[in-house]
Asks: 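Below is a structure I'd like to ask you about.
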Amino acid sequence: MIKLENVSKKFHDTVVLKNVNIEFEPEKTYAIIGSSGAGKSTLLRCINLLEKPSTGKVIVDGVDLTKDKAQLNPIREKIGMVFQNFNLFAHMSAKKNVMFALLKVKKMSQEEAEIEAVKQLTNVGLAHRLDNYPHQLSGGEKQRVAIARALAMHPKAILFDEPTSALDPEMTQEVLKVIKALNHTGMTNIIVTHEIKFAQEVADIIIFMNNAEILEVTNTKEFFEKPKTDRAKEFLSNMI
Ligand SMILES: Nc1ncnc2c1ncn2[C@@H]1O[C@H](COP(=O)(O)OP(=O)(O)OP(=O)(O)O)[C@@H](O)[C@H]1O
Ligand SMILES: [Mg+2]
């Protein structure tokens with residue numbers, strides 16, 4: 001459903017993505033791993049054109065988003081995004097944060113939006129935090145609101161960019177548990193993470209990036225048992 005064809009990205013003279021080709025299949029979970037600066041976030045952001053590729057195509061549901069600007073918003077509705085720093089609206093309660101796009105984009109009524117928001121927040125364990133504002137929530141709770149907000153749109157895919165790197169170990173576990181529960185529930189999950197153990201546990205497929213390139217796209221078990229490239233071996237031995 002999501003396909004990148006010969007995608008390259010330069011910032012001025014720096015090549016950040018070099019001729020990336022990858023296809024994300026429906027209902028699978030992908031973990032993108034690799035050293036800092038490898039281009040992981042840039043790759044993720046190219047999928048919904050938060051970052052515009054310098055060359056190449058981004059095809060979602062058969063539409064080339066780099067060409068067909070009119071399709072960009074409808075497609076973005078189908079692709080949720082969860083950021084490292086939560087990106088919640090500070091002046092809105094947890095419930096209002098989740099309701100916002102349901103009202104503005106999905107044009108739901110107040111009642112419908114509220115029912116959906118309460119349902120999604122309950123699912124991530126926040127039924128007791130509906131009316132709290134972001135400053136009244138822990139980091140783990142904020143991230144779970146952000147996940148509930150993405151899920152409320154019933155996306156076909158969710159992109160996670162280091163969803164736990166701003167969290168302490170305990171909060172990390174509570175958020176990882178929520179992400180793990182999304183596995184094989186019908187969405188494509190694409191997770192950039194430094195949590196290698198989590199990647200191993202949750203992903204069907206590992207995408208290993210190094211130096212602006214995808215070096216491996218390998219089924220998870222195989223990647224951890226016998227990585228194909230020396231660079232991946234080295235990366236894993238530094239991690240474990
Ligand atoms: N807006 C930008 N302008 C210039 N250079 C950028 C920009 N965004 C990213 N870069 C550069 O592109 C390279 C890849 O960045 P990217 O954020 O994709 O890496 P990453 O793999 O996500 O790293 P990390 O694990 O540290 O988050 C880095 O060298 C970074 O400095
Ligand atoms: Mg990054």
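Atoms within each ligand, like the ligands themselves, are counted from 1 in listed order.
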Asks: Can you list the ligand 1 atoms lying under 4.0 Å from a non-hydrogen atom of Glu162?
Replies: 24 (P), 25 (O), 27 (O)

Asks: Distance from Lys9 atom NZ to Ser54 atom OG, nearest 0.5 Å?
Replies: 5.0 Å

Asks: Answer yes or no for His194: is there a heavy-atom contact with ligand 1 below 4.0 Å?
Replies: yes

Asks: I need the nearest protein heavy-atom contact for atom 8 (N) of ligand 1: residue, atom name and distance, please.
Replies: Phe11 CE1, 3.3 Å

Asks: Using a 4.0 Å cut-off to any heavy atom of Ser41, which atoms of ligand 1 qualify?
Replies: 17 (O), 18 (O), 20 (P), 22 (O), 27 (O)

Asks: For Asn123, is there any backbone N or O sitting under 3.5 Å from a side-chain donor or acceptor partner on Arg144?
Replies: no

Asks: Would you say Leu17 ends up clustered with Ile190 if hydrophobic residues are merged whenever their side chains have heavy atoms under 4.5 Å apart, either directly or through other cluster members?
Replies: yes

Asks: Could you list the atoms of ligand 1 found under 4.0 angstrom from a heavy atom of Thr42?
Replies: 15 (O), 16 (P), 18 (O)

Asks: Is it true that Lys221 and Glu225 make a salt bridge, defined as a side-chain N closer than 4.0 Å to a carboxylate O?
Replies: yes

Asks: Do Glu114 and Gln110 get their side chains close enough for a donor-acceptor pair, meaning under 3.5 Å?
Replies: no

Asks: Taking atom types as modelled, is there a side-chain donor on Glu234 or Ser237 under 3.5 Å from an acceptor on the other?
Replies: no

Asks: Judging by distance only, is a nitrogen or oxygen of Ala38 under 3.5 angstrom from one on ligand 1?
Replies: yes

Asks: With distance as the sole criterion, is a donor-acceptor pair present between the side chains of Asn6 and Asn21 under 3.5 Å?
Replies: yes

Asks: What protein N, O or S atoms come within a distance below 2.8 Å of the Mg ion (ligand 2), ordered by chain and number?
Replies: Ser41 OG

Asks: Tell me if a side-chain donor or acceptor on Thr188 pairs with a main-chain N or O of Glu27 at a distance below 3.5 Å.
Replies: yes

Asks: Could you give the distance from CD1 (Ile179) to CD (Glu174), rounded to the nearest 0.5 Å?
Replies: 11.0 Å

Asks: Which residue holds the protein heavy atom closest to atom 24 (P) of ligand 1, what is that atom called, and what is the gap in Å?
Replies: Ser36 OG, 3.7 Å

Asks: Does the side chain of Asp161 pick up a donor-acceptor pair with the side chain of Ser41 at under 3.5 Å?
Replies: yes

Asks: Under 4.0 Å from atom 4 (C) of ligand 1, is there at least one protein heavy atom?
Replies: yes

Asks: Nearest heavy atom to atom 25 (O) of ligand 1 wins, so pick from Lys40, Gln84, Lys10, Arg45.
Replies: Lys40

Asks: Decide whether an N or O pair under 3.5 Å exists between Val16 and ligand 1.
Replies: no

Asks: Would Thr218 and Lys228 satisfy side-chain hydrogen bond (donor to acceptor under 3.5 Å, both in side chains), going step by step from the backbone distance to the final call?
Replies: CA-CA 9 Å; Thr218 310; Lys228 294 188 191 94; 3.1 Å; yes

Asks: With heavy atoms of Ser35 as the reference, note each atom of ligand 1 found under 4.0 Å away.
Replies: 21 (O)

Asks: Distance alone, cut at 3.5 Å: any donor-acceptor contact between the side chains of Arg231 and Ser35?
Replies: yes

Asks: Write out the residue and atom name of the closest protein heavy atom to atom 23 (O) of ligand 1, then the distance separating them to 0.1 Å.
Replies: Gly37 N, 2.8 Å

